[in-house]
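Only one structure is covered here, and it is reproduced in the block below.
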Amino acid sequence: MSKTMTPKTKQAIQTLIKHLHQADVAYYNSKPIMSDGQFDNMYFELKQYKQEFPDDKAINHYFSTIPYNTDNTFKHVHHPYFIGSLDKTRTKDAVAKFLDKWNRKKGDLWYTDSFLVQRKEDGLSIVLYFNDPRMKKPFVALTRGGGHVGEDITNELYHFNRMDIAKIRQRIGKRHLVVRGEALIDDKDFNRINKHHEWANSRNLASGSIMNKDPRVAGKRGIFLSVYTLINRDEWTDKYPTELEQLKFLKSLGFYIIKDVHQFPNTPEGHRQIIRFMFTFPNWKRKAVGHPIDGMVIKPNYTVNLSKIGFNPHGPRYSVSWKFPPKSAIGILQKVRWQESANGKLTPVGILKHPVHILGSEISKASLASMPDIKRRGIMLYDHVTVRRMNDVIPKMIKPIKAFRTGKEVPISKTIPKGAIRKGAYLYLPINKHSKTVMIHRWKRFVSKPCLNIMGLSYKIIAKLIDEHLIDPHDFSSLWRIDKKKFMSIKGFGTKRWDTLQDELRKAQSRPLARVLMGLPLNNAGLALLKPIAKRIKNFKPILSDPKRLQAMHHKLIVEIPQLKGFGQSSVPVIDDLFSPDMIKQLQNLTPYLDMIDDQKSSSAKAKPKSAQKLAGMKFVITGTLSKPRKHFTTLIKQNGGKMQSDVNGKTAYLITNHKSNSRKYRAAVAKHVKIINENQFEKLLH
DNA sequence: GCAGCTACTATCCACTCACT
DNA sequence: AGTGAGTGGATAGTAGCTGC
């Protein structure tokens, strides 16, 4: 039963088909406008619509007419077998469901003793026919094409690397053999050749090389065929009933056989192992393969009954593939939200019309960084944009798909709030001290971890306290004078929350002066500046109550602080801000509740005696997750005389990480020949 | 008194920009 | 080169409420 379609859905489907078609055409003209992952996402979406609306003509038309390049001189030949593609699964559940279909009783149609899991290589699918009676020549090589008609590339095969087709033909003799493999180019060859070209990826290069009129070109570019299955296996199962035996046989004939085929038993534990193996396949391993792979394939090892299981319209029913989650996706930039911060700074965040899925997570918003960044990338409002997660984590809008523009796009500068002032790359709104956003931001800072560290007062809780008139938004000290009865009468607030708050307030009393000062709405004031200030103030309470001493201290700081190493005249406005009437009033109000004494013991990680300092002078950078919190390592480093850096530079001694990655720090470490060690090697440095 | 639910928070990560 | 501020999502954890 197909549901009725809303006009909105209809429009969505039309747009999807239009874009898939554009992408198809671009792809077959070797000028792809999006990545495979992005294409897959859209394709998958349309497939889901197909399930929902199986009778829709537009959808069915798309799936029945898949375009291919007609502009070539290669001969089209019919495949005597249907060369299908595998069903794509996306979830663990779908994989589990596939595995559960198989029985362990020999004789059953769906029987196998074990499964094979192998890479899904991302090249050009090619079928080799030896002595096939339906072919005009004793040896024919065809591309897969749409599965029914392929292109004759027999001449090119003689120039492929890693196999000698003439020798293989000799060994086969008169026997009938049909094998399938993937034409691939190694990453190192791709990179070498692409210095002078602009191929989108090595699959495109493989395709382009084979299509080149000169068959020698493919060979020179390092193309090879990775053979992964026997197609006419029914004629061979008497001798070789399993896939593994068939692959071994093909290898003995001289074919280059796909690497890393893993076998798992058809048992509940085996199923769990398969899922674990596939879904935790690390990125570095994927890169280490040396040529692109885009997923995993699962197939039964026992092949005797496979032809009886048969095909669905796309390919065999007895095998499925799982594709790696795409690294980027295409979304529509529907809205730009200008987020206002405590100091009036406006930062743009791109809101997507529909969430997209990248690396298994749903992304609905992505950073637009700043106006210069937006201009560099040429992104406009209502554009289709590619979205990536930087280092697989942080969502960011990368670039517009200009081919999808309708002419209705609007420059993002038009969305800037009225009254915003430009200062460098950022925009600011004049600070309105009564704006609720600004007030809450200031409270957030005051109670935040590096400042007063009062737990349990989040953005929403603060908003509630202000709304219920429990605190005076302009006076931090009002937090200590909340009316217990009123507090408890608010929905969601009880004794526990009250007790916790009181407990937190007591703890806050002894926070070091520097952290109290950092809680104030001062611009550009961090601990680095406030610590030397607090050190000179020592005990603020007696000074606050004496205007003369206050003035003297203000003067002393303005003179002394800019003299310190690392500080300049820029610290003066911060100090002036600190001694402005508003701030002093805040501090005076807070005197009954806070100690406001400089914490001299706080030179945190106590350094070991110099003789024991194994890391003296060494600079360290950490990237990625380690087995213990980073603090564990930073403390150890500091205790032993080392220093932490946030970025790798020429002076970095070691990058500590447990995994290879493509992060900025890792790349920098490789480029700058910085030693890369894991946490175990780091521990050894200390012994 | 307990389980299950809802609401919410802190923390982590990489990166960008401003500034000294 | 170093510091500070500020971006979002995943995750694990906390607290309070509700129903039994």
Side-chain angles (χ1 to χ4, degrees), chain A residues 337-352 355-374 376 387-397 423-428 441 444-445 447-450 453-464 488 490-501 518 521-531 561-562 564-574 619 621-626 629-631 643-652 657 661-668:
Chain A
R337 196 173 75 200
W338 290 90
Q339 289 192 166
E340 188 189 5
S341 75
N343 296 319
K345 190 198 246 177
L346 294 170
T347 48
V349 177
I351 314 287
L352 293 168
V356 295
H357 290 86
I358 308 176
L359 292 169
S361 0
E362 192 179 89
I363 313 289
S364 58
K365 285 172 272 191
S367 172
L368 278 167
S370 66
M371 264 326 275
D373 191 66
I374 291 166
R376 261 199 309 277
V387 181
R388 271 216 331 249
R389 293 175 64 191
M390 308 310 290
N391 197 43
D392 302 346
V393 181
I394 316 291
K396 176 135 174 58
M397 296 200 171
K423 275 189 211 165
Y426 288 114
L427 294 153
Y428 289 82
H441 267 112
K444 273 285 290 169
R445 181 184 167 117
V447 302
S448 69
K449 185 141 198 165
N453 195 11
I454 300 169
M455 309 272 269
L457 288 174
S458 73
Y459 195 98
K460 291 191 177 171
I461 300 285
I462 294 165
K464 211 175 237 179
M488 305 270 282
I490 294 173
K491 207 182 158 211
F493 286 26
T495 359
K496 183 87 186 185
R497 188 161 264 179
W498 172 259
D499 290 346
T500 324
L501 177 63
M518 199 156 101
L522 297 166
N523 214 346
N524 303 323
L527 274 185
L529 172 64
L530 293 170
K531 268 187 179 167
I561 297 293
L564 295 176
K565 206 184 156 199
F567 300 100
Q569 286 303 309
S570 71
S571 48
V572 175
V574 184
K619 295 188 175 180
V621 175
I622 299 179
T623 186
T625 13
L626 304 177
R630 285 189 178 200
K631 209 175 170 190
K643 265 192 162 184
M644 287 307 301
Q645 291 177 293
S646 60
D647 274 312
V648 172
N649 59 38
K651 291 181 181 172
T652 310
T657 183
S661 77
N662 198 30
S663 74
R664 197 172 52 138
K665 293 178 199 170
Y666 199 94
R667 290 198 308 264

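Each chain gets a letter, A, B and so on, in the order the sequences are listed, and its residues count up from 1. Only a predicted model underlies this, so the values are computations on that prediction, with no experimental measurement involved.
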Shorter than 3.5 Å, N or O on both sides, protein versus nucleotides 18-20 of chain B: list them out with atom names.
{"residue": "dA18(B)", "atom": "OP1", "partner": "Ala425(A)", "partner atom": "N", "Å": "2.3"}
{"residue": "dT20(B)", "atom": "O3'", "partner": "Gly568(A)", "partner atom": "N", "Å": "3.2"}

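- The CZ atom of Arg388(A) lies 13.0 Å from the CD1 atom of Ile363(A); values are rounded to the nearest 0.5 Å.
- Between Arg376(A) and Lys444(A), the residue whose closest nucleotide on DNA chain B is further toward the 5' end is Lys444(A).
- One can place CD of Gln339(A) at 9 Å from C1' of dG8(C), the figure rounded to the nearest angstrom.
- The two atoms that bring Lys365(A) and Pro395(A) nearest to each other are O-CB, 3.7 Å, heavy atoms only.
- When rounded to the nearest whole Å, the span between CE of Met371(A) and P of dT7(C) equals 16 Å.
- When all heavy atoms of Ile351(A) and Met397(A) are compared, the pair lying nearest together is N-CE, 4.5 Å.
- Whole-Å rounding puts the Lys396(A) NZ to dC17(B) C1' distance at 12 Å.
- Following rounding to the nearest Å, Ile374(A) (CD1) and dC17(B) (P) show an atom-to-atom distance of 11 Å.
- For the pair Leu530(A) CG and dT3(C) P, the computed distance is 15 Å after rounding to whole Å.
- Taking only side-chain nitrogens and oxygens, Ser364(A) comes nearer than 4.0 Å to OP1 or OP2 of dG9(C).
- Within 4.0 Å (heavy atoms only), Thr347(A) reaches sugar-phosphate atoms of the nucleic acid but no base atom.
- Using a 4.0 Å heavy-atom criterion, one finds that Arg388(A) contacts no nucleic acid atom at all.
- Atoms CG (Leu564(A)) and P (dG2(C)) sit 19 Å apart, rounded to a whole Å.
- Separating the CD1 atom of Ile363(A) from the P atom of dG8(C) is a distance of 12 Å, rounded to the nearest angstrom.
- For the atom pair CG (Leu368(A)) and CZ (Arg337(A)), the distance works out to 11.5 Å, reported to the nearest 0.5 Å.
- Look at CZ on Arg337(A): it is 10 Å from C1' on dG8(C), rounded to the nearest Å.
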